[in-house]
Amino acid sequence: MSGAVQSLQGVPRRNWAVIFFAFILFTVAFLGLYQRHASISGSWKFLINDRDDYQFWSITKGTTHTPTDDGNPYYFEEKGRTNTLPYTSPQIIGTLAKIFGIPVLSFFPVWHIGLPFISWLVMTLALCRFWKYSFMKSAVITLAVMAVLLNLRSTAQGSFYRYSRPGDALCFLFFWLSYVFNPVKSRLLQAGTLVSVFITTAMNPMIALMGCLATTQELLWQKWVSKNEEKARLLMLVFAAAFVSGLLYTGYVALHFSKNPWWFTMFANEKKFVGQMADTMRRQYVRPEWPSIVWFCALCAALGWSRFKQKCWTAFDRLIFLVFFMRLFFSNLQLLFSANFQMAQHVYYFIPIEFFCLLAWLNEKMPAVARSPFFLKTEKFLFPAVGFAAFAVLFTPVSFFIWNLNFLDPSNYRVIDEAVLYFSMTPMIVFILAACCRFESIKRELLNRKTLACFIAGALISGYWAYPIPNRPYLQNFPFARAYAWLNENAQKDEVVLSAPHNRTFTDYLILYTDLKTFISPYGEYMSKRKQNPNNIFRFTLYTNLLYGSLDKVQFQDLKTKEEKLSHLKLNYVLLERDTPFAENVQRELSGYVKQVYGDQRCLLYKIVLPPQSLKS
Amino acid sequence: MIRPVILMFILMTASLKSYAAEPGQGPQLQAYFQAGLQSLKNNDMNGAVNAVMKIKQIDANDIRGYFLAIQVLWKMQKLPDLIWEIERAEKSGIHNPDLYKQKILALFLVDGFMATYDALDGLEKTLRDEQEQKL
């Protein structure tokens, strides 16, 4: 502890100024980005625009309830249900909100500013302490990479800005990997690494797998190849921490397995679904993901040649091999298990780490390449060729990798395959690095403070400006703010509200701004998907037939009358947007069973009033 | 060392070329979808598979888009012509609320409430148009 305090005291004032500047930068970026959301939703109170982000805050809210119902915070009937898989970040925020009695959405700006800021800070410190760059250099590199990622045409854009994953654990994995490839005997750094191991595993076991494999690989390397006993001993401690954290995670899941294993149900369904496919279709589905394979083969060839020339494996060689092996593995899981279990769709979690590795590895190799006789002899042709390749890739609709270049073909919003992203980006990176190695004047110009500052500022502005903002009907002009205020004053805790039309159930702020439950939610449906759960079908049937105005015609089990249908599951209020063509149907259907308790220019709120004998006890 | 680097670039370029799909796929999604449904109707499994794979290229990173497409195409064999009926009607400019309702139900059965939003949007728009015409 005293070591940590001393370290803090030893930090130069200039570094504190840089840290403060970064914090201000991310705050301004948050305001700039979310100002666009606020103008769509009509209020700074309604900023959630992503379904995963919505689920994150819903689970956070569920954690504040007593008993905790983070396993399905949407439905009254699922009250008290917890998750099998831990959602650590929302659980932590929810617990803090509960302890201090703060509304969960108060944490929204803190989270969306804090996540990129903490990520930047931890990665900067890791670069500085382990990879021996100066603090300023580390700060600039990290900021530049984060700014560039914002501009890429891939899911990398959201790495540090959306939802909890992967941003919440990425910087800790970065720290963990940095230590594993540069183990040092320092209590502070060892403690930091052990904490990172536990945090990464708790937050995101998928990316923790990379840390575990890296630790194992380096332990074996130091023990048997380098024969460096001291480093092996240091790594043994990290290995033990990784083992214990994995054991704790597995134990937690095993103990909670019966709670709400909806993820496992989804995985099992995928496997079952593949099994039911026609043969031709299965062959198409269970096929290799070629870009990741070709990229990995090209990397191995380059690594092999580098080993042949340099007669050794450097830390970056081993790191980049491992990092892209993980991509290969997750992208092709279907070849081993018939189903991919959504892993290929989540490999983008690794992009920031991959991007750092690729830059560092190319930066390490380029000086040797640029000094080689072959390069010197052919550079007159090579520079134009690589430059042309970079240019051609950039202006080809299928391979352009800068999101802003979408103007080339505005209809093309296809997210690029990340292995193709690396193919596309590499010529440009190589071109710049080779030019820097070969021409001192270019290097001086590019690494000039003003040039770097302009580059980072430009990348941040264009990145935040181009950050895709969904503008779907369910996000526009949210109409229920005043109705929520009325409900907070007058409704009982855990009463159930049905919001209509359907658009308002997608990002339903009801459960976030009140202590009430919702009648129907697509997320609630996911989280209650268990075998033989007829409630989901009932909710959907009642809801759509209410919108259609055909509640009388619908058949469900032995429910015959409208009273029976309206009281089958708990339902206390109906919140209806005025400006919807469904309004007339809903009002007609509910006539005689409801009493209007609130109304404004945007919405109407009805309380369900059923004859006492039809109400469930 | 420079030779393998050059070789790598050649490989990259070749790989990019082979991976390249048609530009401007966004609006083509619907067309592929239609083609897949039509193929299923004609019992042409190869055509359906091709359509699914083209949809996958467009939405490679969108698990929902991919699975929705693949599930719809696959389960269409069991769901009696509901979805293609409305797709065909929509294509020919007919917006019949009853067909939308059938489609919404079919999509719910295939993939849950989330899958029905677009169809519910379509129904809402149709009803709004009808109400405006009455006025």
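Here is how names work: the chains are called A, B, and so on, in the same order as the sequence lines, proteins then strands, and each is numbered from 1.
Only the side chain of Tyr523(A) comes within contact range of chain B, with heavy atoms under 4.5 Å apart. Contact annotation for Thr580(A): both backbone and side-chain heavy atoms come within less than 4.5 Å of a heavy atom of chain B. Neither the backbone nor the side chain of Asp129(B) comes within contact range of chain A; no heavy atoms are under 4.5 Å apart.
For Tyr543(A), the side-chain contact (heavy atoms from CB on, under 4.5 Å) test picks out Leu498(A), Ala500(A), His502(A), Thr505(A), Ile520(A), Leu547(A), Phe113(B), with sequence neighbours left out. For Phe383(A), the side-chain contact (heavy atoms from CB on, under 4.5 Å) partners are Phe375(A), Glu379(A), Phe431(A), Ala434(A), Ala435(A), Arg438(A), Phe439(A), not counting sequence neighbours.
When each of Gln131(B), Lys125(B), Glu130(B) is paired with Pro581(A), the side-chain contact (heavy atoms from CB on, under 4.5 Å) condition holds for Gln131(B) and for no other.
Distance check, rounded to the nearest 0.5 Å: OH of Tyr548(A) to CG of Leu123(B) gives 6.0 Å.
The two residues Leu120(B) and Phe582(A) come nearest to each other via the heavy atoms O-CZ, 4.2 Å. Contact record, Arg128(B) with Asp579(A): NH1-OD1, 3.2 Å, taken as the closest heavy-atom pair.
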